[in-house]
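Reviewing the structure listed below.
We name chains A, B, ... by the order of the sequence lines, and we start the count at 1 in each one. Every value quoted in this text rests on a predicted model; they were computed, and no experiment measured them.
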2 protein chains.
Amino acid sequence: MELKAKVKTDIEIAQEAKMQPIVDVAAKVGLGEDDLELYGKYKGKISAHTIKKLQTKENGKIILVTSINPTPAGEGKSTVTVGLADALNRLGKKAMVAMREPSLGPTMGIKGGATGGGYSQVLPMEDINLHFTGDLHAITTANNALSALIDNHLQQGNRLKIDQRRIVWKRAVDLNDRALRKVIVGLGGPMQGVPREDGFDITVASEIMAVLCLAKDLQDLKRRLKEIVVAYNINKKPVTVGDLGVEGTLTLLLKDAVKPNLVQTLEHTPALIHGGPFANIAHGCNSVIATTTAAKLADYVVTEAGFGADLGAEKFLHIKARSAGFKPEAVVIVATIRALKMHGGMKKSELTTENIAALTAGFANLKKHIETIQSFGLPLVVAVNRFITDTEEEIKALIDWCSEQNVSVALTEVWEKGGEGGVELAEKLLEMMKRQKSDFHPLYELSNSLEEKICTVAKKVYGAKAVDFSAKAKKQLTEFEQYGWGSLPVCMAKTQYSLSDDPKKVGRPTNFTITIRELKPSIGAGFIVALTGDVMTMPGLPKEPAALKMDVDENGHAVGLF
Amino acid sequence: MELKAKVKTDIEIAQEAKMQPIVDVAAKVGLGEDDLELYGKYKGKISAHTIKKLQTKENGKIILVTSINPTPAGEGKSTVTVGLADALNRLGKKAMVAMREPSLGPTMGIKGGATGGGYSQVLPMEDINLHFTGDLHAITTANNALSALIDNHLQQGNRLKIDQRRIVWKRAVDLNDRALRKVIVGLGGPMQGVPREDGFDITVASEIMAVLCLAKDLQDLKRRLKEIVVAYNINKKPVTVGDLGVEGTLTLLLKDAVKPNLVQTLEHTPALIHGGPFANIAHGCNSVIATTTAAKLADYVVTEAGFGADLGAEKFLHIKARSAGFKPEAVVIVATIRALKMHGGMKKSELTTENIAALTAGFANLKKHIETIQSFGLPLVVAVNRFITDTEEEIKALIDWCSEQNVSVALTEVWEKGGEGGVELAEKLLEMMKRQKSDFHPLYELSNSLEEKICTVAKKVYGAKAVDFSAKAKKQLTEFEQYGWGSLPVCMAKTQYSLSDDPKKVGRPTNFTITIRELKPSIGAGFIVALTGDVMTMPGLPKEPAALKMDVDENGHAVGLF
């Protein structure tokens with residue numbers, strides 16, 4: 001995250017913070033004790049009856065935080081999301097945060113959390129980064145219960161004539177574990193199941209995570225679970241969870257996980273932290289239930305989507321907002337000097353040196369994302385998320401450039417100063433929203449063919465010249481339309497580091513072709529994944545995993561978590 | 001469970017029950033709100049600082065509920081445990097329940113829970129049988145994090161020179177999933193790990209579950225985790241969690257799971273439901289922390305141990321009580337007419353027919369368990385747990401026989417009548433405890449050799465004539481003494497259906513030999529497992545799993561759970 005000299009670590013700041021009881025935080029948005037299912041004093045799930053009760057209320061304004069194509073270290077989108085909501089509250093507005101919940105895999109792998117940073121964090125940081133309220137464990141369990149039921153179906157006679165070579169449902173663990181990517185299960189003879197190839201995804205890559213995040217309520221969750229395609233039968237026809245008849249048991253396992261989790265920021269702003277699907281093979285946004293509930297409770301909901309605007313924002317707008325039936329009012333594009341310099345051709349190791357020329361060359365990447373957000377009809381503000389290594393000259397160059405482009409821009413220092421460091425951004429945003437109303441419209445219609453939808457995203461959002469479909473992808477386009485999946489939106493799986501499908505092409509590449517290698521149906525989630533390259537759905541641990549430094553002190557507090 | 005005509009199902013009784021807020025239940029044993037970490041209104045974990053604070057208090061009396069060798073359907077030990085505590089409270093005593101928490105695997109496999117039955121249940125039954133407070137998920141995660149760290153160690157250069165053919169640590173899921181018993185992981189080339197044989201146990205069979213259940217506090221948990229043997233190196237020397245340096249991270253993952261869970265019975269008796277290790281390859285008792293905490297809070301703690309007195313009680317006394325440093329005051333041996341008739345030679349399908357001769361022949365099994373408990377120096381009462389199919393003649397025969405043997409006996413009808421149905425048992429027990437003080441002493445000393453310890457249990461508890469050790473077991477006896485493991489207690493893995501190692505030998509077999517096939521070190525838990533036959537550490541799902549009937553209704557309530 002952002003580097004500062006001699007400052008406290010995130011966990012030090014979090015552990016020193018004095019939290020308010022979550023019932024007091026809930027009271028700020030009109031919720032009473034009966035609206036909460038408490039998990040300790042500082043966490044609570046919003047009750048199902050409360051979510052139902054809220055449905056008749058009017059929606060607050062949804063503000064999406066996205067970014068330019070990021071560096072591997074991230075540009076502080078979560079930090080800005082938290083800081084912006086805190087700043088809006090400082091300005092007397094009623095604002096809430098709606099964010100994704102972290103996975104244990106990356107937490108134990110590479111030092112770094114998903115709860116913001118510095119003085120813009122959500123709390124209790126330790127809990128949220130460990131087991132939290134058990135949502136991811138419930139999803140892992142539902143995922144693997146489905147696998148066990150599929151394998152048991154094979155073992156008990158295979159009534160559905162599932163082709164054991166064409167089972168597409170994989171097992172899951174919420175860990176980074178490369179040795180589970182490719183496995184053989186069912187070994188040991190006839191009493192130990194039917195041998196077959198299988199693999200494990202990290203839980204956030206499970207379709208059940210995407211389903212949970214797009215479901216409107218428990219019944220919608222069940223309907224979506226029922227439609228998940230788990231395999232193909234010997235006639236190559238899809239076999240679904242509904243065919244197995246187990247959507248009820250999966251829903252039962254998820255009945256609490258589907259309720260959003262209320263926590264607070266360091267400045268006691270209410271935050272719903274709920275769901276966290278991958279931003280490549282899934283849509284990378286927190287749950288629809290959390291975002292819509294926050295919109296009923298607050299006047300302003302600040303939410304974010306994974307990776308840059310080409311991935312997260314595009315999916316937020318084409319998949320999540322469309323499916324949930326809401327429209328965002330404005331977008332914040334987070335830009336950092338160091339990422340822009342990388343887009344201007346600098347090496348990662350040199351990013352701490354001032355380089356106005358590289359920075360200026362990198363503006364092209366930001367420019368493309370501005371154009372994309374504008375093409376969706378959305379007002380926007382650029383947030384310059386300040387890092388200690390940024391020079392005054394560099395910041396001035398970026399702000400001047402935005403002004404020349406007639407784009408609203410604000411310097412944010414939320415990492416160092418919390419909400420105070422986001423006040424300028426909040427003011428610019430409110431001013432912008434007064435000046436320009438959201439005229440949100442998707443770039444493609446669901447009635448377009450799958451091919452047309454993919455080409456629209458590739459050309460209009462990425463700036464590609466053309467789209468190549470592999471022979472396999474072409475065949476799948478035909479098959480998927482035949483299966484009746486043609487009217488679903490597409491979910492692009494592409495590198496986050498480039499607008500193109502080549503991570504090395506920084507800046508604003510032109511004249512490039514996007515290659516679609518393969519399609520993957522996520523019928524329960526309600527989208528077709530288009531894979532542009534190898535997508536890692538199970539990360540590995542590094543040589544020195546963060547886990548080696550983790551511990552608990554004598555008082556039961558986490559050590560070395562961040 | 002017990003069969004009754006036209007009665008409500010367990011889940012109907014549970015869902016109709018009006019629970020008290022858990023803070024009110026806690027108040028009955030002197031706990032305030034600050035002593036609890038709430039999980040909703042009806043569940044709470046006891047805070048670490050409260051457990052510490054209680055340590056100076058005097059212990060209440062611990063009563064162990066065990067049984068004769070059971071039938072596959074179980075004899076209602078949990079039901080009697082709950083009903084007895086309720087009955088003690090009805091008699092004006094301050095009693096608590098300390099029981100195991102259920103695993104999702106059996107819940108989704110075969111209809112049947114682990115929260116008692118009828119009018120002697122613990123609540124909220126739905127939650128306890130599903131994710132509860134996430135303890136089992138935390139254990140699964142810690143178990144699999146350890147596996148991922150082992151495989152990552154191989155991948156990153158294998159500094160410890162682990163022999164990949166001799167990794168004994170297995171992965172885990174809290175499900176019945178036979179296809180995971182034997183797997184190959186690490187396939188797919190050099191970037192996907194080192195290929196090797198592996199397997200998954202059900203979470204309750206993980207050594208981490210046994211460790212959590214025997215730990216006295218968080219520091220003791222860490223010490224035990226550190227000692228777990230995960231593999232052998234190329235020189236055949238044990239490799240531990242401590243060698244990998246990851247005991248801190250495992251402890252961090254378990255820091256909340258180690259706190260006992262407070263719930264209530266249908267009659268609002270406080271109940272600690274915490275931990276649930278297998279009763280074959282582990283010791284089959286709820287956690288030491290829960291039992292000792294309950295003993296600090298209540299005057300009487302009613303607890304149970306898995307399977308019959310030859311397995312659960314023997315391990316409770318030799319492993320748990322010795323490790324925790326407490327002594328039980330009395331034992332209840334649950335006997336049922338149907339199980340005794342099976343021990344008298346009747347087939348399972350005929351058990352509903354009156355048969356005094358078979359019943360009388362079956363008394364021999366009960367007799368042996370009575371002798372065993374007496375040999376530990378413990379006062380006991382036999383609880384005749386009534387089933388609808390029992391005839392008055394049969395019950396009279398059993399009660400008369402107990403009287404002839406000079407053994408205290410009581411008829412219990414706790415399934416049908418709750419605490420009221422356990423009052424006679426409670427009265428007999430209190431009377432017995434007045435008359436006879438516990439003179440608890442183990443049957444072997446820790447300073448005995450492993451071989452001597454195994455022989456003592458086989459001969460004194462099972463009634464075996466001799467013990468045979470396989471060539472492998474003999475070799476291991478020598479090796480284990482060399483590794484410094486000789487002073488640990490032994491944990492016998494044997495069929496629960498017979499006193500011998502042959503499930504078909506019912507009643508009180510004599511003149512039989514116990515064969516020890518293999519030893520297994522559980523150094524973190526602190527015992528050496530002696531395997532007498534194949535032990536299933538990963539169950540399979542039946543042809544029609546209970547999962548097929550589970551669902552959630554429109555109000556979010558479980559359907560078909562039991």
Side-chain angles (χ1 to χ4, degrees), chain A residues 37-41 48 104 108 130-131 134 137-138 141 144-145 147-149 151-152 155-156 173-188 191-194 218-219 222 245-246 248-249 251-253 255-256 540-541 543 545 547-548 550-552 554 556 558-561, chain B residues 37-41 48 104 108 130-131 134 137-138 141 144-145 147-149 151-152 155-156 173-188 191-194 218-219 222 245-246 248-249 251-253 255-256 540-541 543 545 547-548 550-552 554 556 558-561:
Chain A
E37 293 166 13
L38 291 180
Y39 283 65
K41 280 195 186 61
L104 261 172
M108 298 185 67
L130 291 169
H131 306 292
H137 292 322
T141 304
N144 293 340
S147 289
L149 289 159
D151 275 308
N152 194 53
Q155 176 78 0
Q156 307 287 357
V173 288
D174 189 30
L175 292 165
N176 288 9
D177 192 347
R178 72 169 67 71
L180 291 179
R181 285 178 192 150
K182 290 187 190 218
V183 303
I184 296 175
V185 300
L187 297 172
M191 302 310 292
Q192 331 284 348
V194 178
L218 199 66
Q219 294 310 311
K222 199 196 314 193
V246 298
T249 201
T251 310
L252 179 61
L253 289 170
K255 78 183 175 73
D256 292 315
L541 287 169
K543 188 147 184 102
L548 295 180
M550 290 178 176
D551 204 347
V552 197
E554 279 168 25
V559 173
L561 191 52
Chain B
E37 293 166 13
L38 292 179
Y39 284 66
K41 283 197 185 61
L104 261 172
M108 297 186 67
L130 290 170
H131 307 291
H137 292 321
T141 304
N144 293 341
S147 291
L149 288 160
D151 275 307
N152 193 54
Q155 175 78 0
Q156 307 286 359
V173 287
D174 189 31
L175 291 166
N176 287 9
D177 192 347
R178 73 169 66 71
L180 291 179
R181 283 177 192 152
K182 289 186 189 219
V183 303
I184 297 176
V185 300
L187 297 172
M191 300 311 291
Q192 330 286 348
V194 178
L218 199 65
Q219 293 310 312
K222 194 186 339 187
V246 298
T249 202
T251 310
L252 179 61
L253 289 169
K255 79 183 173 72
D256 292 315
L541 288 169
K543 189 150 183 100
L548 296 180
M550 290 179 180
D551 204 347
V552 195
E554 280 168 23
V559 174
L561 192 53

Contact leader toward chain B among [options], where contacts are heavy-atom pairs under 4.5 Å:
options	answer
A:G134, A:A138, A:A547, A:S147	A:A547
A:V194, A:N152, A:L175	A:N152
A:G245, A:G540, A:A145	A:A145
A:D256, A:V173, A:D177	A:D177

Side chain, backbone, both or neither: which part of [X] has a non-hydrogen atom closer than 4.5 Å to chain A?
X	value
B:L130	side chain
B:Q219	side chain
B:L104	side chain
B:A48	neither

Worksheet entry | For B:K41, all residues meeting side chain to side chain contact (heavy atoms under 4.5 Å, CB included), sequence neighbours excluded | A:D34
Let me know if [X] has heavy atoms under 4.5 Å from chain B in its side chain, its backbone, both or neither.
X	answer
A:Q155	side chain
A:V246	side chain
A:K255	side chain
A:L218	side chain
A:D174	neither
A:I184	both

Between [options], which shows the greatest number of heavy-atom pairs under 4.5 Å with chain A?
options	result
B:P545, B:G188, B:G186, B:A558	B:G186
B:L548, B:V552, B:T251	B:V552
B:L180, B:N144, B:N176	B:L180
B:V183, B:L252, B:T141	B:L252
B:L149, B:L253, B:D151	B:L253

Worksheet item: For A:H131, what residues pass the ring pair (Phe, Tyr, Trp, His ring centres under 6.0 Å) criterion, not counting sequence neighbours?
Response: A:H137
Worksheet entry | Test side chain to side chain donor-acceptor pair (under 3.5 Å) applied to B:R178 and A:Q192, step by step | CA-CA 5 Å; B:R178 73 169 66 71; A:Q192 331 284 348; over 6 Å; no
Worksheet item: Going from NZ on B:K182 to CG on A:L187, what distance comes out if it is rounded to the nearest 0.5 angstrom?
Response: 9.0 Å
Fill in: Full working for side chain to side chain contact (heavy atoms under 4.5 Å, CB included) between A:M550 and A:V559
CA-CA 6 Å; A:M550 290 178 176; A:V559 173; over 6 Å; no
Discussion item. Within the 4.5 Å heavy-atom criterion, are A:K222 and B:D551 side-chain neighbours or not?
Written reply: yes
